[in-house]
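Given the structure is predicted, the values throughout are model-derived calculations rather than measurements. Reminder, nothing fancy here: chain letters follow the sequence lines and each chain counts from 1. What you see below is based on every heavy atom in this structure, not just the backbone, and it leaves out hydrogens, waters and symmetry mates.
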2 protein chains.
Amino acid sequence: MQLPEAKGKFIEAWGKLGSEWGINRTMAQVHALLLVSPAALTTEEIMEELKISRGNANMTLRDLINWGLVEKQHKAGERKEYFFADKDTWNIARQVAKERRKRELDPIIKILDELSKVEGDSKDEAFKTFNKSVTDINKLAKNVDKTLETMLKAEENWFWKSIFKMFK
Amino acid sequence: MQLPEAKGKFIEAWGKLGSEWGINRTMAQVHALLLVSPAALTTEEIMEELKISRGNANMTLRDLINWGLVEKQHKAGERKEYFFADKDTWNIARQVAKERRKRELDPIIKILDELSKVEGDSKDEAFKTFNKSVTDINKLAKNVDKTLETMLKAEENWFWKSIFKMFK
DNA sequence: TTTAACTTTCAAAATTTCATGAAAGTTTAT
DNA sequence: ATAAACTTTCATGAAATTTTGAAAGTTAAA
């Protein structure tokens with residue numbers, strides 16, 4: 001396999017993975033493209049390579065910047081903006097974890113905390129089951145939350161070392 | 001807040017979380033409903049409670065069964081089928097991890113392994129960047145894979161005890 | 001074997017999500 | 001101040017996904 005073909009496959013695979021995880025396909029593809037590009041790219045180049053419209057490219061790049069996965073670069077003496085992706089996978093993983101935690105885990109923990117407080121007749125099966133499920137899920141969510149927090153603070157090696165201690 | 005309202009909120013929240021993670025909203029809602037139901041429910045009851053069609057209920061339940069999150073129950077002397085969800089959050093988490101690993105992580109690792117093998121001119125920046133990103137992501141994916149494998153084998157307590165060691 | 005209860009399928013409709021591109025906006029150079 | 005280079009917005013349409021419900025299929029009792 002040659003590089004251009006491999007590049008295409010990588011972009012396609014990353015796009016598919018993204019869409020399975022609630023990240024839009026194009027966003028994942030633009031990210032993939034920037035990940036394998038040694039130099040920062042312009043909007044034009046991204047549009048060209050991925051065959052997407054200007055509007056789409058612009059919005060997608062903005063999203064990627066909001067996710068903290070891509071940064072703008074200004075080149076001295078040039079009007080155009082260049083975009084590049086952080087290539088450090090550990091940073092990428094942490095950044096994604098951080099965003100999803102903020103956007104998804106935090107809100108659900110808030111709701112679960114509220115629902116944990118609901119009171120009812122402890123002889124009522126419906127109430128008992130509701131309460132048990134909600135508090136159990138709440139506990140799990142909080143464990144996940146703590147683990148993510150640790151991950152966000154951790155150095156890559158330390159984190160995986162800790163994880164792999166579990167194997168011994 | 002009273003139980004019925006709380007139940008509704010829980011179903012809504014679980015549905016939203018599901019859709020943010022690539023699981024269809026209805027599927028997550030049916031799962032939520034079964035999680036808070038002390039007894040197994042019929043298709044009719046699920047249709048009624050969530051205001052969904054028979055076809056949708058049927059397909060959704062089949063999916064949940066395929067994910068290993070819901071089981072059928074036959075009641076002696078009855079024609080109808082009843083459905084209930086495993087209420088153990090640890091089992092739920094493991095089951096979801098197991099399915100997603102099989103459906104998503106395994107295929108991407110396969111592709112990354114292939115792409116890691118691509119050869120090229122080590123003086124070519126494009127090749128160098130491609131190669132580094134691909135192999136780095138591959139390593140990360142394999143770490144995640146191993147961690148999931150451990151999690152799947154682990155007993156609940158043992159797993160969380162190990163996680164909490166990380167905090168000390 | 002017939003019937004009725006119940007389940008499954010699937011083509012069409014509804015909804016949701018995503019991409020487009022022209023127009024509006026912004027910035028910099030002259 | 002104007003023009004040119006470049007970026008952003010957003011109404012609209014296209015595509016993908018989800019839902020519906022009626023018809024077909026299945027099963028078990030009579």
Side-chain angles (χ1 to χ4, degrees), chain A residues 11-12 14-34 40-67 70-84 100 103-104, chain B residues 11-12 14-34 39-67 69-84 100 103-104:
Chain A
I11 289 169
E12 196 187 325
W14 205 238
K16 193 177 168 214
L17 191 70
S19 66
E20 284 164 340
W21 285 84
I23 286 153
N24 114 5
R25 200 173 45 87
T26 305
M27 183 170 157
Q29 287 184 336
V30 170
H31 186 223
L33 174 60
L34 292 173
L41 302 179
T42 62
T43 304
E44 295 287 340
E45 289 168 316
I46 292 165
M47 287 165 60
E48 162 68 18
E49 185 115 19
L50 300 179
K51 308 285 183 226
I52 61 175
S53 72
R54 183 172 302 286
N56 194 7
N58 183 269
M59 286 183 142
T60 295
L61 284 165
R62 191 205 301 160
D63 285 349
L64 283 167
I65 290 170
N66 285 339
W67 274 76
V70 164
E71 286 177 45
K72 279 189 187 178
Q73 192 173 66
H74 288 281
K75 291 202 179 177
E78 289 216 44
R79 296 280 303 268
K80 264 180 288 204
E81 288 186 313
Y82 287 76
F83 300 89
F84 72 99
R100 300 205 78 150
R103 295 170 195 220
E104 295 153 22
Chain B
I11 289 169
E12 198 188 325
W14 205 238
K16 192 175 168 218
L17 191 72
S19 67
E20 284 165 340
W21 285 84
I23 285 153
N24 120 5
R25 200 172 47 87
T26 306
M27 184 168 154
Q29 288 184 335
V30 170
H31 187 224
L33 174 60
L34 292 174
L41 302 179
T42 62
T43 303
E44 296 287 340
E45 289 168 316
I46 292 165
M47 286 165 59
E48 162 69 18
E49 185 115 18
L50 300 179
K51 307 287 183 224
I52 61 173
S53 73
R54 183 173 302 286
N56 195 5
N58 182 269
M59 285 181 142
T60 295
L61 284 165
R62 192 205 301 161
D63 285 349
L64 283 167
I65 290 170
N66 286 339
W67 274 74
L69 296 172
V70 164
E71 286 176 45
K72 279 189 188 179
Q73 193 174 64
H74 288 279
K75 291 202 180 177
E78 290 215 44
R79 293 283 302 273
K80 263 181 288 203
E81 289 186 313
Y82 287 77
F83 300 90
F84 71 99
R100 299 206 78 150
R103 294 171 196 218
E104 295 153 23

| said: Whether A:K72 contacts D:dT8 is assessed here as follows: a side-chain N or O lying under 4.0 Å from the phosphate OP1 or OP2. Is that the case? | reply: yes
| task | Heavy atoms only: give me the nearest A:A57-A:M47 pair and the separation to one decimal. | result | CB-CG, 3.8 Å
| Nucleotide D:dT7, atom P - distance to CE of A:M47 in whole Å | 10 Å
| So, is A:N58 near the phosphate of D:dT7, with a side-chain N or O under 4.0 Å from OP1 or OP2? | no
| task | Take atom NE2 of B:H74 and atom P of D:dT27, then tell me their distance rounded to the nearest Å. | result | 11 Å
| request: Identify the two heavy atoms, one from B:I65 and one from B:F83, that lie closest to each other, and give their separation to 0.1 Å. | output: CD1-CE2, 3.9 Å
| request: Take atom CG of B:L64 and atom P of C:dT8, then tell me their distance rounded to the nearest Å. | output: 13 Å
| remark: Separation of C:dC6 atom P from B:E45 atom CD, nearest Å, is 12 Å
| task | Return the value, rounded to whole Å, for the distance between atom CG of B:L41 and atom C1' of C:dT7. | result | 17 Å
| query | Looking only at heavy atoms, which two atoms of A:G18 and A:A28 are closest? And how far apart? | reply | CA-CB, 4.1 Å
| remark: On a heavy-atom basis, the closest approach of A:T42 and A:K80 is CG2-CD, 3.8 Å
| query | If the sugar-phosphate is the primed atoms plus P, OP1 and OP2 and the base is the rest, what is the B/S/- string for nucleotides 18-30 of chain C, using protein heavy atoms under 4.0 Å? | reply | SSBB-----BB--
| said: Within the supplied structure, the quantity of interest is the number of heavy atoms (other residues, nucleotides, ligands) at a distance under 6.0 Å from B:R100 CZ; does it exceed 12? | reply: yes
| task | Could you state the atom-to-atom distance from CD of A:Q73 to C1' of D:dT7 in whole Å? | result | 18 Å
| Length of the CD1-P vector between B:I46 and C:dT7, whole Å | 11 Å
| Between P of D:dC6 and CD of A:E44, the distance in whole Å | 8 Å
| What class does the angle between the rings of A:W14 and A:H31 fall in, given that below 30° is parallel, 30 to 60° is tilted and above 60° is perpendicular? | tilted
